[in-house]
2 protein chains.
Amino acid sequence: MEVTARAPGKIILAGEHAVVHGCAAVASSIDLYTSVSLRLRSEDEDTIKLLLNDIGLDFSWSIRRIKEVLSHLEQRFPESKIGLASGVYAFLWLYTSILGFKPATVVVSSELPLGAGLGSSAAYCVALSAALLALSAPVELDKSQKGWFTLKAEAELVNKWAFEGEKIIHGRPSGVDNSVSTFGNVIKFKSGVMTRIDSNMPLRMLITNTKVGRDTKALVANVSARKSRHPGVMCSVLNAIEAISDEWCTIIQSNAVDDLCLSANEEKLGELMEMNQGLLFSIGVSHASIETILQTTMKYKLASKLTGAGGGGCVLTLLPTHVSGAVIDKLVEELESFGFQCFTAGIGGKGAQISFDHSS
Amino acid sequence: MEVTARAPGKIILAGEHAVVHGCAAVASSIDLYTSVSLRLRSEDEDTIKLLLNDIGLDFSWSIRRIKEVLSHLEQRFPESKIGLASGVYAFLWLYTSILGFKPATVVVSSELPLGAGLGSSAAYCVALSAALLALSAPVELDKSQKGWFTLKAEAELVNKWAFEGEKIIHGRPSGVDNSVSTFGNVIKFKSGVMTRIDSNMPLRMLITNTKVGRDTKALVANVSARKSRHPGVMCSVLNAIEAISDEWCTIIQSNAVDDLCLSANEEKLGELMEMNQGLLFSIGVSHASIETILQTTMKYKLASKLTGAGGGGCVLTLLPTHVSGAVIDKLVEELESFGFQCFTAGIGGKGAQISFDHSS
């Protein structure tokens, strides 16, 4: 029997950077997933295999070798850096901590670009933890269920393990990414406190990956330096960003009674995104590649903002319901002609899900 | 004898749009001038001539015709619109009100683009009023002075007449443009109160004219509408803009004790401009042409912001002292290749000046 778990990526809808200074931010799941399939092998096959489909790398360790690697990991833990190695360490640690040293083949594949601020590492940790826990003793799931089913009581446990995996990969993660990936929907977070927001609004975004790598730590430090040079201005700017986060939550929780009301709410969210982008520009975290995307979507009268740390990374463009597929195709074509990578994604969907395959 | 008066244009350094909502704004003179030369003709020549050099139009009226036109003006006054006609009416009205019906030739030439938000109409009214008052009975100037001299006691009178001229051209001007043009330097204005700021800082800007005409009234109305839709966000944004205006005044009034200090102040002003631009974007008054200029100056690591109403008009780029002429030339060449028009201008210079020519 094979179990497959999938977990969504995330975007920051509002409040990035401001959250570092104690203001509210709003994150949401997107319906782009990382999937982890796990098939236990017979006990006499003494290996664990990890196949990373997207980067075309396969690993195969004997159980003895894994024990060596893990002792190595214990020593290296505090120095771990984001990258392939830390992702593999996280795998070995989560696997052996949850399932012990059972032989298996694990296949990872993802729709999320890596290192682009869309929470790919959290989705990986959540999907991996969910798949492992689904086959572990303490979790009792009805394995006869068909198709995808959403985690319920066991979600908290998945989230906790995923957070431990994130720590191996990121050092000091905020816990927002794995929470959004586990529980889905929208989460408001402020000063370390997370609140689940139940969105009533169907929303679609175009996500454009600039493919420009960025140094999140340096960007955060630059904002702090600017704040110390211009405290009065920056304080008001951060207040404005917090007000945007608050307004986002109010709008997506409201019940749009008809299409007219939905359309008005979409328009308001577009304005909030435009304002948020202006404020992010004003704190100095935009980038030429981001501005190019803004210029392009502006031609189509669509509102955009960077998401995450800025300085590259990804840009969100709101796709209101009235915008036709043909228009979106044209926009995507234009953006991709610059070398950017586009995804369309539904916002605020389900969190981690599991499916059992009984065919084998 | 001929008298020539020249009066500078103006830019808004900070606070445009916010000023409409009761926040402070800061305007400055620029060393680009409109000049008016006036030569009285013998009494038997029964005409007044007006030569508008920049647009290549010459007018010649008999005194009798002028009286007719003025009676016409009285009737049309409330409907007057910005444009050539209102500029000519302003001329006739100022001329006859100050000098009566003496025959003369008046030549107007200007370094300022018309209708681009650089205060060309105010500079015209100020220079015209100064030239006329210089030859009128109540103003006693030492006509033996050589070269340009700045108006002193008589500046207030010039400013009052110029404001009347601005009313003919604009309907309901704020009075800021003519005050900056008359007195020069920097003026902070808030809720209708103007305060002169004595800048101690030599500053140069690149002014890029997008040549995109804009509807100031519509832009102002759009900002108000956005404020009513998002009061919380907009209130903080306007506060941030006011804090920028305040910081501008503090920095340019401070005495930079050395080059290092000057350079640090220039850097701060650059950041204020970048922040201001982000905030102007967030209130919705930027424009594709403005963003193109920003993208270009960003490549040269130079800070820019729109000045005035936005939606086109002009963009300011701070030229710090360390930036070489070669770099500026390259930037100007690139900007002009897009069809924009560039000027470099010193900021906060003298106001209206007069010069007598005794050679003829």
Side-chain angles (χ1 to χ4, degrees), chain A residues 14 18 23 222-223 225-227 229-248 250-251 264-265 267-301 303-305, chain B residues 14 18 23 222-223 225-227 229-248 250-251 264-265 267-301 303-305:
Chain A
C23 297
N222 286 345
V223 173
R226 186 168 287 206
K227 192 180 171 209
R229 279 192 300 275
H230 309 281
V233 184
M234 287 292 283
C235 181
S236 290
V237 170
L238 295 172
N239 285 343
I241 294 177
E242 172 149 274
I244 288 173
S245 292
D246 291 341
E247 210 185 312
W248 256 100
T250 306
I251 292 173
N265 279 347
E267 210 163 302
K268 277 191 188 174
L269 292 181
E271 281 191 333
L272 289 179
M273 286 174 65
E274 182 181 84
M275 288 194 274
N276 204 156
Q277 174 59 31
L279 296 165
L280 288 162
F281 180 92
S282 76
I283 66 174
V285 299
S286 193
H287 182 270
S289 61
I290 295 170
E291 298 295 324
T292 300
I293 295 167
L294 291 176
Q295 280 267 53
T296 309
T297 64
M298 202 188 271
K299 287 198 290 180
Y300 292 79
K301 309 222 176 293
S304 300
K305 72 175 274 286
Chain B
C23 299
N222 286 346
V223 173
R226 186 169 287 205
K227 193 179 170 209
R229 279 193 299 274
H230 309 281
V233 184
M234 287 292 283
C235 183
S236 290
V237 169
L238 295 172
N239 285 343
I241 296 178
E242 173 149 272
I244 289 173
S245 292
D246 291 342
E247 210 185 313
W248 257 100
T250 306
I251 292 173
N265 279 347
E267 210 163 302
K268 277 190 188 175
L269 292 181
E271 282 190 332
L272 290 179
M273 285 173 64
E274 183 181 84
M275 288 194 274
N276 204 156
Q277 175 59 32
L279 296 165
L280 287 162
F281 180 92
S282 77
I283 65 174
V285 299
S286 194
H287 183 269
S289 61
I290 295 170
E291 298 296 324
T292 300
I293 295 168
L294 291 176
Q295 279 269 53
T296 309
T297 66
M298 201 188 270
K299 286 197 293 182
Y300 293 78
K301 307 221 178 292
S304 301
K305 72 175 274 286

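Since this is a predicted model, take the numbers as computed values, not measurements. Within every chain, numbering begins at 1; the chains are lettered A, B, ... in the order of the sequence lines, protein sequences first and strands thereafter.
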Requested in this report: Kindly compute the distance separating CD1 (A:I251) from NE2 (B:H230), expressed to the nearest 0.5 Å.
Outcome: 6.5 Å

**Report entry** Interface moiety of B:S286 toward chain A, non-hydrogen atoms closer than 4.5 Å
**Finding:** neither

Query raised in the report: Quick one: of B:Q277, B:E247, B:M234, who has the most non-hydrogen atom pairs under 4.5 Å with chain A?
Result: B:E247

Report summary line: chain B shares the most heavy-atom pairs under 4.5 Å, among A:M298, A:K299, A:Q295, with A:Q295

Report summary line: Between the CD1 atom in A:I283 and the CD atom in B:E274, the distance rounded to the nearest 0.5 Å is 10.5 Å

Query raised in the report: How far does CG of B:L279 sit from CE of A:M275, to the nearest 0.5 angstrom?
Result: 12.0 Å

Report task. Starting at CE of A:M273, measure out to OG of B:S282 and round the result to the nearest 0.5 Å. Result -> 14.5 Å

Report summary line: Scored by heavy-atom pairs under 4.5 Å with chain B, the best of A:E271, A:R229, A:K268 is A:E271

Query raised in the report: Which answer fits A:E291, side chain, backbone, both or neither, if we ask what part of it has an atom under 4.5 Å from a heavy atom of chain B?
Result: both

Report task. Calculate, to the nearest 0.5 Å, the distance between atoms OG and CD belonging to A:S236 and B:E242 respectively. Result -> 9.0 Å

